[in-house]
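Single-structure report; data block below.
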Amino acid sequence: MPRTKEQFEEIRLEKAKMIKQVALELFANNGYYQTSISEIAKAANISKGLIYNYFESKDELLRDIINSMINEIYASFDRNHDGELTGDEFEFFVREAFRLQKEKREFYKMYYVLLMQPNIQEIINHASGELMQNVMAITYQYFKKHFQDPETEMLLYSSLVKGLSMQYVFAPENFSDEIFEKAINRIIEFHKR
């Protein structure tokens, strides 16, 4: 029986997801600039030409990886999409972000390794541009309501989140479920002081 249009689209999405996963692993382990499309194709067990059916270039592939990750994390941000964060929305977002990191630890480990490579931050900033600007603006307004010095408080909060995230991603053996929950609660309590 011939495949339906929906089945072809599902196969296409699965293939693109697999290519992105393989590429991310190679980018993290070998370096973004040292990894070629040919190496990605070989590791994915597909032809180089087939990759170009999904992605125009290695840069587009990286941007797509970053966009997927950012969209997944920020899907739980400002849940009612009114442009304003409540305390409950803030807490939900923090919990969801860490749940994703716990669920997909290897992905985030590779992402953090990739971030440490030269000039990658520029590509990430370009890929996430408008979404991150919107998130930062909403977050700033939230912190402005709760703190006299919102810029400093946002920096402290961001440092706490990134620090906990990286510690968990690279050394999960140090985090029992109880410790993980306590750490998340401390971050949430931070904004309530």
Side-chain angles (χ1 to χ4, degrees), residues 13-46 51 54-78 90 92-139 154-175 177 179-181 183-184 186-188:
L13 290 172
E14 282 301 312
K15 186 71 76 175
K17 184 179 175 181
M18 184 268 303
I19 291 168
K20 290 190 295 187
Q21 179 64 34
V22 168
L24 181 61
E25 289 173 17
L26 290 172
F27 293 160
N29 293 324
N30 303 335
Y32 174 73
Y33 295 104
Q34 292 74 28
T35 301
S36 68
I37 289 290
S38 296
E39 290 168 316
I40 296 167
K42 183 177 178 184
N45 202 24
I46 59 174
I51 289 181
Y54 292 90
F55 305 98
E56 288 181 15
S57 66
K58 188 170 74 166
D59 283 353
E60 183 188 349
L61 175 55
L62 177 61
R63 282 192 297 272
D64 197 276
I65 290 167
I66 301 305
N67 278 332
S68 295
M69 188 226 39
I70 288 171
N71 286 330
E72 185 174 38
I73 288 175
Y74 288 104
S76 60
F77 184 81
D78 186 23
F90 182 85
F92 180 79
F93 171 68
V94 170
R95 289 190 181 285
E96 277 298 292
F98 279 105
R99 182 193 63 76
L100 279 171
Q101 290 186 19
K102 194 172 185 181
E103 186 178 291
K104 298 180 177 187
R105 191 183 71 77
E106 283 302 312
F107 176 88
Y108 286 96
K109 183 177 179 182
M110 290 182 284
Y111 171 73
Y112 283 131
V113 169
L114 183 61
L115 272 180
M116 301 303 162
Q117 296 176 30
N119 304 320
I120 295 299
Q121 192 62 52
E122 282 179 39
I123 295 170
I124 291 170
N125 290 343
H126 179 70
S128 62
E130 190 177 322
L131 174 63
M132 288 308 296
Q133 287 175 2
N134 188 39
V135 165
M136 293 304 290
I138 292 170
T139 304
M154 279 182 68
L155 180 61
L156 291 171
Y157 163 75
S158 175
S159 298
L160 284 171
V161 169
K162 288 175 185 170
L164 174 61
S165 176
M166 291 183 88
Q167 282 187 344
Y168 173 72
V169 165
F170 288 103
E173 64 278 2
N174 296 331
F175 288 86
D177 287 342
I179 291 172
F180 194 72
E181 187 62 26
I184 292 170
R186 290 275 171 91
I187 288 171
I188 291 166

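Throughout, numbering of the chain's residues begins at 1 and tracks the sequence. Keep in mind that this is a model prediction, so the values were computed, not measured.
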Gap between atom [atom2] of [Y] and atom [atom1] of [X] - 0.5 Å precision:
{"X": "I70", "Y": "I73", "atom1": "CD1", "atom2": "CD1", "result": "7.5 Å"}
{"X": "L164", "Y": "K162", "atom1": "CG", "atom2": "NZ", "result": "13.5 Å"}
{"X": "L160", "Y": "I184", "atom1": "CG", "atom2": "CD1", "result": "13.0 Å"}
{"X": "L115", "Y": "Y32", "atom1": "CG", "atom2": "OH", "result": "13.5 Å"}
{"X": "I138", "Y": "F93", "atom1": "CD1", "atom2": "CZ", "result": "11.0 Å"}
{"X": "R63", "Y": "K58", "atom1": "CZ", "atom2": "NZ", "result": "12.0 Å"}

List the atom of N30, the atom of T35, and the distance in Å for their closest heavy-atom pair.
CB-OG1, 3.6 Å
Where N174 and I179 come nearest, the two heavy atoms and their spacing
O-CD1, 3.9 Å
Carefully, step by step, assess L114 and L62 under the rule side chain to side chain contact (heavy atoms under 4.5 Å, CB included).
CA-CA 10 Å; L114 183 61; L62 177 61; 3.4 Å; yes
Keeping the roles fixed (side chain from [X], backbone from [Y]), state whether a donor-acceptor pair exists under 3.5 Å.
{"X": "E60", "Y": "F55", "value": "no"}
{"X": "E39", "Y": "S36", "value": "yes"}
{"X": "K15", "Y": "I51", "value": "no"}
{"X": "E96", "Y": "F92", "value": "no"}

Within 45 degrees of the axis of the six-membered ring of F170 and under 6.0 Å from its centre: does K109 put its NZ or CZ there?
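Ring-cation test returns no.
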Run the numbers on I65 and M69 for side chain to side chain contact (heavy atoms under 4.5 Å, CB included), then give the verdict.
CA-CA 6 Å; I65 290 167; M69 188 226 39; 5.7 Å; no
Side-chain contact test, heavy atoms from C-beta onward, threshold under 4.5 Å: evaluate it for [X] versus [Y] and give yes or no.
{"X": "N134", "Y": "D78", "value": "no"}
{"X": "Q167", "Y": "F175", "value": "yes"}
{"X": "I120", "Y": "Q117", "value": "yes"}

Flag if over 12 foreign heavy atoms under 6.0 Å of CD, E103
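Yes, because the 6.0 Å sphere around CD of E103 holds more than 12 heavy atoms from other groups.
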Stepwise ring-ring contact (aromatic ring centres under 6.0 Å, His included) test for F90 and Y157:
CA-CA 12 Å; F90 182 85; Y157 163 75; 5.2 Å; yes
Stepwise side chain to side chain contact (heavy atoms under 4.5 Å, CB included) check, L100 with F107:
CA-CA 10 Å; L100 279 171; F107 176 88; over 6 Å; no
Between S165 and Y112, is there a side-chain donor-acceptor contact under 3.5 Å, judged purely by atom types and distance?
yes
Please confirm whether Y168 and F98 have ring centers closer than 6.0 angstrom.
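Between Y168 and F98, the centre distance exceeds or equals 6.0 Å.
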Assess whether side chain to side chain contact (heavy atoms under 4.5 Å, CB included) is satisfied between R95 and E181, documenting all intermediate values.
CA-CA 9 Å; R95 289 190 181 285; E181 187 62 26; 2.6 Å; yes
Could you go through residues 16-28 and list every donor-acceptor pair under 3.5 Å that involves a side-chain atom there, pairing it with any protein atom two or more places apart or in another chain?
| unit_1 | atom_1 | unit_2 | atom_2 | d |
| --- | --- | --- | --- | --- |
| K20 | NZ | D64 | OD1 | 2.8 |
| K20 | NZ | S68 | OG | 2.7 |
| Q21 | NE2 | E25 | OE2 | 2.9 |

In a check of side chain to side chain contact (heavy atoms under 4.5 Å, CB included) between K104 and each of M110, R99, E72, which one passes?
E72
